[in-house]
Amino acid sequence: MIWTVPGTAAFGFLILFEYRKCRSTEKIKMRNNPWFLVGTVLLLTAFAGMAVTLTASPGLQRTGGITVLGTGLILYILVLTGGPKKEGYVRDDASSGTVSRRGIYGKIRHPGVWCFLICSLGFGTIYPDGMGSALWLALMNLLYTWIQDRWFFPVYLQGYEKYKEEVPYLFPKRKKDR
């Protein structure tokens with residue numbers, strides 16, 4: 001599907017955003033590092049393009065898909081913004097980076113991967129012909145977070161190496177493992 005290409009390219013801009021944050025020795029304001037916005041808009045454009053060109057599923061399946069997609073979006077917004085205190089992921093500069101252990105971030109690293117997967121499954125339920133593309137973009141998001149976790153966050157988030165040792169990636173520890 002043609003819309004998968006700009007969706008995949010969006011992650012290149014998100015990686016460029018992270019790279020710029022790591023290379024910064026001074027505060028980079030969003031206007032000087034617009035790549036997160038560019039990547040996000042491109043990703044949303046890809047999903048919108050698929051939505052316009054694909055045939056939606058009938059009735060109850062569409063309603064279920066909309067419910068799943070909406071739930072994923074709400075969870076994603078809450079995870080990225082950090083809830084009411086707004087101490088989430090998207091920040092203007094690298095120098096303000098400290099690891100948050102508040103809420104879900106104390107249980108797993110990169111909880112947004114699950115939110116993106118839920119959104120992708122909801123989208124694929126609404127547009128069954130787009131399920132493969134949606135899951136591909138979810139896989140790209142997983143790769144993006146792995147790159148963040150391995151190369152970018154240790155550079156600009158203070159205490160991230162210790163956080164990695166204590167908080168598991170994607171799957172919470174079972175009670176007997178703690």
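If you read the sequence from its start, that first residue is 1, and numbering goes on from there.
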When you measure from the side chain of [X] to the backbone N and O of [Y], does any donor-acceptor pair fall under 3.5 Å?
X      : Y      : answer
Ser120 : Ala134 : yes
Trp35  : Ile15  : no
Ser57  : Ile126 : yes
Tyr105 : Val79  : yes

Compare every heavy atom of [Y] with every heavy atom of [X], then report the nearest pair and how far apart it is.
X      : Y      : result
Leu170 : Val113 : CD2-CB, 3.6 Å
Tyr163 : Ile108 : OH-O, 3.7 Å
Gly72  : Cys119 : C-SG, 3.3 Å

query = With a 4.5 Å heavy-atom cut-off, do Ile66 and Thr125 have their side chains touching?
reply = no
As an exercise, state the distance from [atom1] of [X] to [atom2] of [Y], rounded to the nearest 0.5 Å.
X      : Y      : atom1 : atom2 : result
Met131 : Leu121 : CE    : CG    : 5.5 Å
Lys164 : Tyr169 : NZ    : OH    : 10.0 Å
Phe116 : Leu137 : CZ    : CG    : 5.5 Å
Thr45  : Leu42  : OG1   : CG    : 6.0 Å
Met140 : Thr145 : CE    : OG1   : 11.0 Å
Gln148 : Tyr156 : CD    : OH    : 6.0 Å

ask   = To which residues is Leu60 joined in a hydrophobic cluster, defined by side-chain heavy-atom contacts under 4.5 Å among Ile, Leu, Val, Met, Phe, Trp and Tyr, whether direct or through other members?
value =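 Members alongside Leu60: none; it stands by itself.
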Is there a continuous path of hydrophobic side-chain contacts, each under 4.5 Å between heavy atoms, that joins [X] to [Y]?
X      : Y      : value
Ile77  : Val41  : no
Ile2   : Val52  : no
Trp136 : Val68  : no
Leu139 : Leu135 : yes
Tyr76  : Leu43  : yes

query = So Phe152 and Tyr160, side chain to side chain contact (heavy atoms under 4.5 Å, CB included) or not? Walk me through it.
reply = CA-CA 10 Å; Phe152 295 129; Tyr160 196 75; over 6 Å; no
ask   = Could you walk me through whether Leu14 and Thr40 pass the side chain to side chain contact (heavy atoms under 4.5 Å, CB included) check?
value = CA-CA 8 Å; Leu14 296 174; Thr40 302; 4.2 Å; yes
Phe36 and Phe17 aromatic ring geometry - parallel, tilted or perpendicular at 30°/60° bounds = tilted
key: Mutual orientation of the aromatic rings belonging to Tyr144 and Phe11 [parallel < 30°, tilted 30-60°, perpendicular > 60°]   = tilted
query = If you look only at pairs with a residue in residues 109-134, which of them pass as a salt bridge (Lys or Arg N to Asp or Glu O under 4.0 Å), with sequence neighbours excluded?
reply = Arg109-Asp149
task = Go through the structure and list residues passing side chain to side chain contact (heavy atoms under 4.5 Å, CB included) with Thr53, not counting sequence neighbours.
result =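 Checked Thr53 against side chain to side chain contact (heavy atoms under 4.5 Å, CB included); matches are Trp3.
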